[in-house]
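Below is one structure, written out as structure tokens, with a few remarks after it.
For ligands, and for the atoms within them, numbers begin at 1 and follow the listed sequence.
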Amino acid sequence: MKVKKIDALEILNSAGNKTIEVHVKTEKGDFFSSIPSGTSKSKFEKFFCVEDEIKKIKKISKKIKQINFNSIADIIKFENEHNSLAISFALMKALAAKKNIPVWKLIDKKAKKFPIIVSKMIGGGKHAKYPEFQEFLVFTETNDLNEMIENNLLVQNRLKEVLNGDFIFSWDLEGGWALRITIEEAFSVLEKAIQSIDRKMKMGVDIAASSFYDKDGEMYIYNQRELNRDEQIDYVSNLIERFNLAYIEDPLEQEDFDGFAELKKRFGNRCLIVGDDLTATSVERIKIANEKNAINASIIKPNQIYSLNETIEFSRLAEKFKYKRIISHRSEETCDNIISDIGFGLGCEMFKISVRTGERVSKINRLLKIKEEVYG
Ligand code: PGA
Ligand code: ZN
């Protein structure tokens with residue numbers, strides 16, 4: 001496949017901040033890709049500057065036309081030289097069109113297992129201010145894609161009834177409800193909503209603990225309290241027991257591998273201890289997590305490391321370490337739905353994606369189309 005033209009444009013993400021859209025033109029047509037961003041980012045993420053990316057793309061616009069892209073390996077070779085996830089994604093779409101296959105088949109032609117959809121029901125933390133924990137999540141352990149989506153939607157709608165009209169319902173940044181309630185109240189209403197629809201569903205939470213951790217004082221400051229590390233571990237342990245939580249993401253700040261390991265020791269047999277800010281889709285950091293026996297599941301966000309190559313390697317390692325791999329949206333999304341193909345192609349066991357708001361629903365809808373592509 002030869003590229004006829006490449007260019008880039010500054011566009012807006014779902015939070016109204018600027019990001020990049022790359023446009024690749026081939027004989028098969030025009031292919032676009034854009035990059036999401038986060039609000040509660042890990043300090044280990046790779047950041048890119050939109051203006052610099054646009055300049056970079058102008059600079060390589062002649063060179064890219066001389067290359068013949070025939071495989072993911074060719075795209076990765078180019079990425080290793082020019083370091084741009086946005087270009088890799090657009091090239092993947094163009095190459096898939098050239099081969100007349102969906103994007104996920106470029107990664108694994110035989111992929112067929114759908115990830116469990118983990119959806120945000122109530123938002124907080126940096127995404128909505130209250131409650132202080134960032135994401136109250138639900139999921140159903142089934143391989144029936146439609147059932148998972150339906151259950152998550154049912155719970156989200158039922159929350160309105162459980163809260164009985166006393167609240168103004170608005171969206172947080174990721175298609176969860178933004179409500180002025182406490183952490184315990186959020187778990188309680190979620191539990192009630194799940195019970196009321198009578199389906200077998202599990203609850204989880206992304207604590208995003210770095211967002212309220214005071215590094216100098218080494219304290220977790222929230223809920224009008226200050227907790228030291230042991231107190232934070234005990235509080236989280238208490239919540240896992242009390243609400244039978246099956247998923248805990250970033251319960252401690254992003255450098256505390258040992259604290260994660262303590263929670264894994266206590267609950268690893270019945271609760272996913274998930275690294276996100278901790279692991280940051282970084283090969284170096286997932287190796288440390290493994291040495292420290294810190295987690296049993298990890299978030300995968302390609303834009304967090306801004307590399308297709310490292311995302312694939314990270315996923316390979318996570319699989320080798322027997323971690324559950326959770327491909328994930330960001331709080332500042334675009335309507336690009338390529339992560340649905342990436343997550344499905346990599347065989348990720350879970351997909352953290354909300355079932356509401358356009359930029360999220362586009363990814364859910366892409367999964368529904370992938371189901372058609374796989375099963376007809
Ligand atoms: P972010 O948060 O996209 O705002 O960084 C998402 C998460 O922490 O999972
Ligand atoms: Zn997170």
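Residue contact annotation: E135 has a non-hydrogen atom under 4.0 Å from ligand 1. Distances from ligand 1 to the non-hydrogen atoms of H329 include no value under 4.0 Å. Distances shorter than 4.0 angstrom occur between a heavy atom of S40 and an atom of ligand 1.
Residues F344 and F351 place their aromatic rings such that the two centres sit no closer than 6.0 Å.
Comparing P36, S331, S210, S328 against atom 3 (O) of ligand 1, the shortest heavy-atom distance belongs to S331. Nearest to atom 5 (O) of ligand 1 by heavy-atom distance, out of R330, K41, H127, is R330.
The D276 neighbourhood of ligand 1 comprises atoms 7 (C), 8 (O), 9 (O), with distances under 4.0 Å to a heavy atom of that residue. Close approach to T39 involves these atoms of ligand 1, each under 4.0 Å from a residue heavy atom: 1 (P), 4 (O), 5 (O). Counting atoms of ligand 1 from 1 in the listed order, those under 4.0 Å from a heavy atom of E249 are 9 (O). Of all atoms in ligand 1, numbered sequentially from 1 with element shown, those under 4.0 Å from a heavy atom of E174 are 6 (C). Applying the 4.0 Å criterion to heavy atoms of D206 picks out, from ligand 1, the atoms 7 (C), 8 (O), 9 (O).
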* To do: Report the C-alpha separation of R270 and E241 in whole Å, then their side-chain angles, then the decisive distance to 0.1 Å, and conclude whether the salt bridge (Lys or Arg N to Asp or Glu O under 4.0 Å) test is met.
  => CA-CA 10 Å; R270 62 174 162 118; E241 304 263 20; 3.0 Å; yes
* To do: Could you give me the CA-CA distance, side-chain angles and deciding distance for R266 and D234, then say whether salt bridge (Lys or Arg N to Asp or Glu O under 4.0 Å) is met?
  => CA-CA 11 Å; R266 290 189 197 179; D234 285 344; 3.2 Å; yes
* Verify salt bridge (Lys or Arg N to Asp or Glu O under 4.0 Å) between E150 and R199, making sure each step is shown before the conclusion. => CA-CA 11 Å; E150 185 183 305; R199 310 251 169 136; 3.1 Å; yes
* **Working for side chain to side chain contact (heavy atoms under 4.5 Å, CB included), residues K352 and D206** => CA-CA 11 Å; K352 194 166 75 152; D206 180 1; 3.4 Å; yes
* To do: Take E21 and T19, measure what side chain to side chain donor-acceptor pair (under 3.5 Å) needs, and give me the verdict at the end.
  => CA-CA 7 Å; E21 179 177 82; T19 187; over 6 Å; no
* To do: Evaluate the criterion side chain to side chain donor-acceptor pair (under 3.5 Å) for residue pair E332 and T39; output intermediate values, then yes/no.
  => CA-CA 7 Å; E332 305 196 8; T39 312; 3.3 Å; yes
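An angle of 170° is found at the Zn ion (ligand 2) between D206 atom OD2 and D276 atom OD2, rounded to 10°.
Counting non-hydrogen atoms of neighbouring residues, nucleotides and ligands closer than 6.0 angstrom, the CD atom of E218 reaches no more than 12 such neighbours.
The name of the N, O or S atom in E249 nearest to the Zn ion (ligand 2) is OE2.
Ranking protein heavy atoms by distance to atom 9 (O) of ligand 1, first place goes to K352 NZ, 2.8 Å. Looking at atom 8 (O) of ligand 1, its nearest protein heavy atom turns out to be Q134 NE2, 2.9 Å.
Using bins of under 30°, 30° to 60° and over 60° for the plane-to-plane angle, the ring pair F187/F136 lands in the perpendicular bin.
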